[in-house]
There are 2 protein chains.
Amino acid sequence: MDAIEILQNHQVKKTSPRLSIIQALQTSQNPLSEGEVKEKMGGLYDRITFYRSVQTLEEAGIIHRIVADNTVVKYALNHCEKGHQHSPDHVHFYCTQCNSLVCLNAVKTQAYELPEGFTSNQCDVVIKGMCNKCNL
Amino acid sequence: MDAIEILQNHQVKKTSPRLSIIQALQTSQNPLSEGEVKEKMGGLYDRITFYRSVQTLEEAGIIHRIVADNTVVKYALNHCEKGHQHSPDHVHFYCTQCNSLVCLNAVKTQAYELPEGFTSNQCDVVIKGMCNKCNL
DNA sequence: TTTCATATGCAACAATGTTGCAAATAAAGT
DNA sequence: ACTTTATTTGCAACATTGTTGCATATGAAA
């Protein structure tokens, strides 16, 4: 789907930084870090704008943010085109060898029974190890 | 168990920063952030030493590090006294209301089937929502 | 107590994330 | 197409978090 269309569908203003970020993510199979998005965006990149943009895009349900580790944050487009803000339903795999992060869209997060009084709205699962390429 | 005994059991040198960190964690039911440990340690606290100490303690299997979010990292003592470095087998709950983190020791992380070629040695599960106190 | 490898703690740096504010711009109305 | 208005951008400045090098201090063993 076209980046402009995505923003329209989610009622978010069409601005060039937002379009650039979405397009950068669309060119990649895997989630991208800020640095990786920056590279793809070239000159027209501002750190502050980036942070505010990804926050907007996440709140709009267009992308999701994955914290692989405290120093490794990546972003990925949501697959569900229509879906509004809901946390990802799949687990993520982080390869500690090549530092790539993979959305395992086919592997759904399982339900966990919480103790009395606890309520949840999000469940983040990050599995760490070696990816298929590094295991060759 | 005594902090000195813990260090001895894991073949780690007994130094005062390490003892202070362990003792700080022992006084708390829940995992603590760097700032929370610092408060409990008082004057004899150095940031660099803290970072290197928690790394040593984690590698020795004495504590584990929990990344609740990219800006929220906490530390907790391992329950298994004998256990050497193995990642926590339980899930963690992060209350987005009061920012407390809870080890749900009774809730074990479930196994996830990985795609061909992927191998894992750690699985981090962080459930986010409201804790029992904030839900009252 | 002496020795030696390890750990501490300081300075300096690097990376990541936030806030305030003036200029720019998207979207809606004229 | 032009004007208006609320939102967004992008700069400066700051705050927080994590790392590296190195001289001094210290734990553990001889």
Side-chain angles (χ1 to χ4, degrees), chain A residues 2-24 31-39 41-60 62-75 94 96 99 101, chain B residues 2-24 31-39 41-60 62-75 94 96 99 101:
Chain A
D2 198 272
I4 291 185
E5 209 177 332
I6 293 177
L7 290 178
Q8 276 174 339
N9 287 354
H10 291 80
Q11 325 238 33
V12 175
K13 274 194 185 176
K14 292 167 282 181
T15 69
S16 54
R18 292 173 186 170
L19 288 170
S20 297
I21 291 171
I22 292 177
Q23 284 159 0
L32 298 179
S33 67
E34 176 193 347
E36 290 162 341
V37 172
K38 175 183 178 179
E39 277 190 18
M41 283 177 68
L44 42 100
Y45 164 82
D46 176 73
R47 261 165 44 75
I48 291 89
T49 301
F50 174 83
Y51 280 108
R52 288 196 275 228
S53 296
V54 291
Q55 184 179 338
T56 301
L57 295 177
E58 186 181 19
E59 286 169 358
I62 297 173
I63 66 175
H64 63 280
R65 213 183 52 140
I66 307 118
V67 180
D69 205 344
N70 54 334
T71 58
V72 182
V73 179
K74 303 223 177 186
Y75 304 89
Y94 181 57
T96 52
N99 295 311
L101 189 82
Chain B
D2 198 272
I4 291 184
E5 209 177 333
I6 293 177
L7 290 178
Q8 276 174 340
N9 286 354
H10 290 81
Q11 325 237 35
V12 175
K13 273 196 188 175
K14 291 168 282 181
T15 69
S16 52
R18 293 173 185 172
L19 288 170
S20 298
I21 291 171
I22 292 176
Q23 283 159 1
L32 299 178
S33 66
E34 176 192 348
E36 289 163 341
V37 172
K38 175 183 177 178
E39 277 191 16
M41 285 178 67
L44 43 99
Y45 164 83
D46 175 73
R47 261 166 44 76
I48 291 89
T49 302
F50 174 82
Y51 280 107
R52 288 197 274 228
S53 296
V54 291
Q55 184 180 339
T56 300
L57 295 176
E58 186 181 19
E59 287 169 358
I62 297 173
I63 66 175
H64 62 280
R65 213 183 52 137
I66 307 118
V67 179
D69 205 345
N70 54 333
T71 58
V72 181
V73 178
K74 303 223 177 187
Y75 305 88
Y94 181 57
T96 53
N99 295 311
L101 189 82

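Lettering follows sequence order; numbering is per chain, from 1.
Residue B/Pro17 places its side chain closer to C/dT8 than to any other of C/dG17, C/dT8, D/dG10. Closest approach to the A/Ser53 side chain among C/dG17, D/dT9, D/dG10 is made by D/dT9 (side chain taken as heavy atoms from C-beta onward). The side chain of A/Lys13 sits closest to D/dT7 out of D/dT7, D/dG18, C/dG17.
Using a 4.5 Å heavy-atom threshold, the side chains of A/Ile21 and A/Phe50 count as touching. Inter-residue side-chain proximity for B/Arg65 and A/Asn70 is flagged as met; some heavy-atom pair is nearer than 4.5 Å.
Residue-to-nucleotide contacts include no donor-acceptor pair under 3.5 Å from the side chain of A/Arg47 to the base of D/dG10.
Rounded to whole Å, atom C1' of D/dA25 lies 15 Å from atom CG of B/Leu44. Look at CZ on B/Phe50: it is 16 Å from P on C/dC10, rounded to the nearest Å. In this structure, the CG atom of B/Leu57 is 12 Å from the C1' atom of C/dA7, given to the nearest Å. Atom pair A/Ile21:CD1 and D/dG10:P shows a separation of 10 Å (rounding to whole Å applied). Put simply, NZ on A/Lys14 is 17 Å from P on D/dT7, counting in whole angstrom units. When the C1' atom of D/dT26 is taken as reference, atom CG of B/Asp46 falls 15 Å away, rounded to whole Å. Rounding to whole angstrom units, CG of residue A/Leu19 and C1' of C/dA26 are separated by 11 Å. Following rounding to the nearest Å, B/Ile48 (CD1) and C/dT6 (C1') show an atom-to-atom distance of 18 Å.
No more than 12 heavy atoms of other residues, nucleotides or ligands shown are found within 6.0 angstrom of CD on B/Glu39.
Using a 4.0 Å cut-off between charged nitrogen and carboxylate oxygen, B/Asp69 and B/Lys74 do not count as a salt-bridge pair.
Residue B/Asn70 has no polar side-chain atom (N or O) positioned under 4.0 Å from OP1 or OP2 of C/dT16. The phosphate of D/dG10 has OP1 or OP2 within less than 4.0 Å of a side-chain N or O from A/Thr49.
Residues A/Tyr45 and A/Val12 each lie close to DNA chain D; by heavy-atom proximity, the contact nearer the 5' end of the strand is made by A/Val12.
Among the heavy atoms of the strands lying under 4.0 Å from A/Arg52 is at least one base atom, whether or not backbone atoms are also near. B/Thr15 comes within 4.0 angstrom of the backbone, heavy atoms only, and of no base.
Annotation: the span from B/Glu34 atom CD to B/Glu36 atom CD amounts to 10.5 Å, rounded to 0.5 Å.
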